[in-house]
*Asks:* 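Next up is a structure, given as structure tokens.
Being a predicted model, the structure only gives us computed values, none of them experimental. Residue indices begin at 1 and follow the sequence shown.
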Amino acid sequence: MDKPFIHFIKQNKDIFLFDVNTNMISKINQRIYEFLSLHREVATLNEADRFILENMKRIGMLKPNKIERIEHPMTELVGDILENNMTKMTLQVTQNCNFRCDYCVYSGSYHNRVHNNKRMDWDTAKAALDFLYLHSKNSVEVNISFYGGEPLLEIDLIKKCVNYARDIFKRKNILFNLTTNASLLTDDIIRYMNKEKFLLTISLDGPQEVHDKNRTFADGRRGTYAVVIDRIKRIKDLMPDFVERVTFNAVLDDQNDFVLINQYFTNEPVVKDIVITTNYINDVNRKDKINYGNMKNYVEVCNEKFVGMMYLLNRVSRESVSRLVVREIADIKDVVYKRKVSTQVMQTVTHPGGPCMPGVQRPFVNAYGKMYPCERVNETCNEMCIGNIYDGFDMDSVKRILNIGKITESACKKCWAFNFCTQCAVTADDGEKISPSIRLEKCNKIRDYVEGLIKDYIVLKECGCEFTKTL
């Protein structure tokens, strides 16, 4: 029997087999485990065991690794998609900011970017919108986002862009997004954004002692919480309906008290009814090492995840689920439960999960008019640039970033978490170029996360979860 492409997951005293080619998960006994993992003789199996193995083979399981070559299936189509089917564009209207947040990529805490006075001029902004217009002929909707630095420093440019977009995209539905620290949200700007139906993302990390730890004004001394919460209150007072289009983005610093943050977003009247997304401090190109070893926080997060799993099992109400762990609970359903299960899942020529199509999902135009896959990338890394708004897409760069798995092809082809990989080019950046070694450093963490999701899924499945609830 050829070596099957499988991975074993031990859950307490039980053993589960994950078949990489088909994405199937099966519970097995100790004898079958030893036969497959230790290459024991068939004679060590009884008739029932052999029957189980034959059934697994009959439905496509236990086949050897099918992957012969790494190549993204959309490689030859991405050019046609970019030609007429763009739907989104993010404009970096400024690289300046009136805050100095410790974990901002422009803060000086990273090896590459720093805040500066570069702003996007009107000619560049107009050219970017014209570029989107020319490349969105087949799209019924376009989404235009404004990013910084702090984009509200350039509110006049934003208004000009909105008016121009309304003019050239008359036959399309237009959505506008803006990510802000909220400090510059005057009453007039709030009214304007409500009128134009902006989707607003506001950076808020938690109560004052948490938020002010990392988010200060440009002088580096004064905390910013008071002005941010005042502006949020003003939105609710002035335009209460606008709140439905507001989202908080909280950066979780593992050195802060998770319980305190969780209680704040659960109980604080000003914020508890507003949607929140979370992410951890970006460690790519960070000068100092990020410490994620706060055991107290880890235990508390696990407790909240358990409550979320109880909700999926109809044991507690939706209101009991912490908003800070919703994404991790949702991943059990979205990543594992909804995985594609088929005898034909794995192709001989394929690509690990992770990269989006550069220029399609979240194309980012910086203040100079250069284009990048998204706003998360390092603009100082030339290999991340996918063209500019004047000369168009650099299709070689687009395809290279789309096929980021090629730089670690040997390791990727053998990885059991191939179909679940979340790595894109952003995680492979070493500050100057795309690096295979930097990419590989992240692999164990991703595999551990995926295995944890599968274990959670197994527990829920064995407890009768039908995964019908949404979070």
*Asks:* Tell me yes or no: between the side chains of Asn403 and Thr75, is some donor less than 3.5 Å from an acceptor?
*Replies:*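 There is such a pair (donor and acceptor under 3.5 Å, judged by atom type) between the side chains of Asn403 and Thr75.
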*Asks:* Does the Asn419 side chain pair with the main chain of Asn23, one donor and one acceptor, at a distance under 3.5 Å?
*Replies:* no
*Asks:* Tell me whether Lys118 forms a cation-pi arrangement with Tyr368, defined as NZ or CZ under 6.0 Å from the six-membered ring centre and within 45 degrees of its axis.
*Replies:*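 Yes, a cation-pi geometry holds between Lys118 and Tyr368.
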*Asks:* Examine the side chains of Lys414 and Asn65 and answer whether a donor and an acceptor come within less than 3.5 Å of each other.
*Replies:* no
*Asks:* Surrounding NZ of Lys399 (heavy atoms of other residues, nucleotides or ligands, distance under 6.0 Å), is the total greater than 12?
*Replies:*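 Yes.
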*Asks:* Partners of Lys433 by salt bridge (charged side-chain N to carboxylate O under 4.0 Å, His left out), sequence neighbours excluded?
*Replies:* Asp430
*Asks:* Quick check: are there more than 12 heavy atoms from other residues, nucleotides or ligands sitting under 6.0 Å from CD of Glu466?
*Replies:* no
*Asks:* Check whether His7 reaches the backbone of Val20 with its side chain - one donor and one acceptor, N or O, closer than 3.5 Å.
*Replies:*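 Not a single qualifying donor-acceptor pair exists.
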*Asks:* With Thr94, which residues qualify under side chain to side chain donor-acceptor pair (under 3.5 Å), at least two apart?
*Replies:*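 Result, side chain to side chain donor-acceptor pair (under 3.5 Å) vs Thr94: none returned.
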*Asks:* According to salt bridge (charged side-chain N to carboxylate O under 4.0 Å, His left out), does anything in residues 28-38 pair up with another residue at least two apart or in another chain? List the pairs.
*Replies:* Arg31-Asp49, Glu34-Arg40
*Asks:* Checking Asn297 side chain against Phe258 main chain: does a donor-acceptor pair fall under 3.5 Å?
*Replies:* yes
*Asks:* Side chains of Asn314 and Lys469: do they bring a donor and an acceptor to under 3.5 Å?
*Replies:* yes
*Asks:* Using atom types as modelled and distance alone, determine if a side-chain donor or acceptor of Asp19 lies under 3.5 Å from a backbone N or O of Met24.
*Replies:* no
*Asks:* Roughly how far, to the nearest 0.5 Å, is the CZ atom of Phe217 from the OG1 atom of Thr224?
*Replies:*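 That separation rounds to 6.0 Å.
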*Asks:* If you measure only the distance, is there a donor-acceptor pair under 3.5 Å linking the side chains of Asn262 and Ser322?
*Replies:* yes
*Asks:* Pick from Ile386, Val398, Asn388, Asp394: which one makes a side-chain contact (heavy atoms from CB on, under 4.5 Å) with Met371?
*Replies:*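 For Met371, the side-chain contact (heavy atoms from CB on, under 4.5 Å) test succeeds with only one of Ile386, Val398, Asn388, Asp394, which is Ile386.
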*Asks:* Of all residues at least two apart in sequence or in a different chain, which pass the salt bridge (charged side-chain N to carboxylate O under 4.0 Å, His left out) check with Arg222?
*Replies:* Asp219
*Asks:* Counting only N and O atoms by type, is there a donor-acceptor contact under 3.5 Å from the side chain of Arg50 to the main-chain atoms of Leu45?
*Replies:*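 Here the side-chain-to-backbone pair exists.
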*Asks:* Does Gln361 use its side chain to pair, donor to acceptor, with the backbone of Met357 at less than 3.5 Å?
*Replies:* yes
*Asks:* Residues two or more places apart in sequence or in another chain: which of them pass side chain to side chain donor-acceptor pair (under 3.5 Å) with Asn267?
*Replies:* none
*Asks:* Would you please name every residue forming a side chain to side chain donor-acceptor pair (under 3.5 Å) with Tyr225, sequence neighbours left out?
*Replies:*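 Tyr264.
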*Asks:* Start with the C-alpha gap between Thr350 and Glu71, add the side-chain angles, then the distance that decides, and say whether side-chain hydrogen bond (donor to acceptor under 3.5 Å, both in side chains) holds.
*Replies:* CA-CA 5 Å; Thr350 185; Glu71 184 170 339; over 6 Å; no
*Asks:* Taking only residues two or more places apart in sequence or in another chain, which ones pass side chain to side chain contact (heavy atoms under 4.5 Å, CB included) with Lys305?
*Replies:*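 Scan of Lys305 (side chain to side chain contact (heavy atoms under 4.5 Å, CB included), adjacent residues dropped) gives Val301, Val325, Glu328, Ile329, Asp456.
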*Asks:* Under 3.5 Å, is there a donor on one side chain and an acceptor on the other for Asp253 and Asn214?
*Replies:* yes
*Asks:* The criterion is ring-ring contact (aromatic ring centres under 6.0 Å, His included); which residues satisfy it with Phe51, sequence neighbours excluded?
*Replies:* none
*Asks:* Which heavy atom of Phe146 sits nearest a heavy atom of Pro151, and at what distance?
*Replies:* O-CG, 3.9 Å
*Asks:* Is it the case that Asn116 and Gln95 place a side-chain donor and acceptor less than 3.5 Å from each other?
*Replies:* yes
*Asks:* How would you list, by chain and number, every residue that makes a ring-ring contact (aromatic ring centres under 6.0 Å, His included) with Phe420, sequence neighbours excluded?
*Replies:*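 Only Phe18 meet the ring-ring contact (aromatic ring centres under 6.0 Å, His included) criterion with Phe420.
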*Asks:* Output, in order, the C-alpha distance, side-chain angles, deciding distance and verdict of side-chain hydrogen bond (donor to acceptor under 3.5 Å, both in side chains) for Asp429 and Asn378.
*Replies:* CA-CA 8 Å; Asp429 170 32; Asn378 173 14; 2.9 Å; yes
*Asks:* Could you list the residues that satisfy side chain to side chain donor-acceptor pair (under 3.5 Å) with Thr348, not counting sequence neighbours?
*Replies:*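 None.
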*Asks:* I need the Glu150 CD to Leu178 CG distance, nearest 0.5 Å.
*Replies:* 7.0 Å
*Asks:* Taking salt bridge (charged side-chain N to carboxylate O under 4.0 Å, His left out) as the cut-off, I'd like each qualifying pair that reaches into residues 336-354, sequence neighbours left out, listed once.
*Replies:*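 Found Asp334-Lys338.
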*Asks:* Is Ser37 reaching over with its side chain to a backbone N or O of Tyr33, donor-acceptor style, under 3.5 angstrom?
*Replies:* yes
*Asks:* Could you go step by step and tell me if Asp254 and Tyr298 meet the side-chain hydrogen bond (donor to acceptor under 3.5 Å, both in side chains) rule?
*Replies:* CA-CA 9 Å; Asp254 201 33; Tyr298 175 75; over 6 Å; no
*Asks:* When you compare the side chains of Arg100 and Thr216, does any donor N or O come within less than 3.5 Å of an acceptor on the partner?
*Replies:* no
*Asks:* Say whether, by atom type as modelled, one donor and one acceptor occur between the side chain of Asn21 and the main chain of Lys63 under 3.5 angstrom.
*Replies:* yes
*Asks:* Measure from the ring center of Phe16 to the ring center of Phe8 and say whether it is less than 6.0 Å.
*Replies:* no
*Asks:* Report, as yes or no, whether the 6.0 Å neighbourhood of atom CD on Glu41 holds more than 12 heavy atoms from other residues, nucleotides or ligands.
*Replies:*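 No.
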*Asks:* Without hydrogens or angle criteria, can the side chains of Asn98 and Asn181 be said to hold a donor-acceptor pair below 3.5 Å?
*Replies:*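 Side-chain D/A pair, Asn98 to Asn181: present.
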*Asks:* Is it the case that the side chain of Asn279 and the backbone of Val251 share a donor-acceptor pair, with hydrogens and angles ignored and the cut-off at 3.5 Å?
*Replies:*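 Not confirmed, Asn279 side chain does not pair with Val251 backbone.
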*Asks:* Under the ring-ring contact (aromatic ring centres under 6.0 Å, His included) rule, collect the residues that match up with Phe306, sequence neighbours excluded.
*Replies:*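 Counting only residues at least two positions away or on another chain, Phe306 forms no ring-ring contact (aromatic ring centres under 6.0 Å, His included).
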*Asks:* Flag the pair Glu451 and Lys455 as a salt bridge only when some basic side-chain nitrogen lies within less than 4.0 angstrom of an acidic carboxylate oxygen.
*Replies:* yes
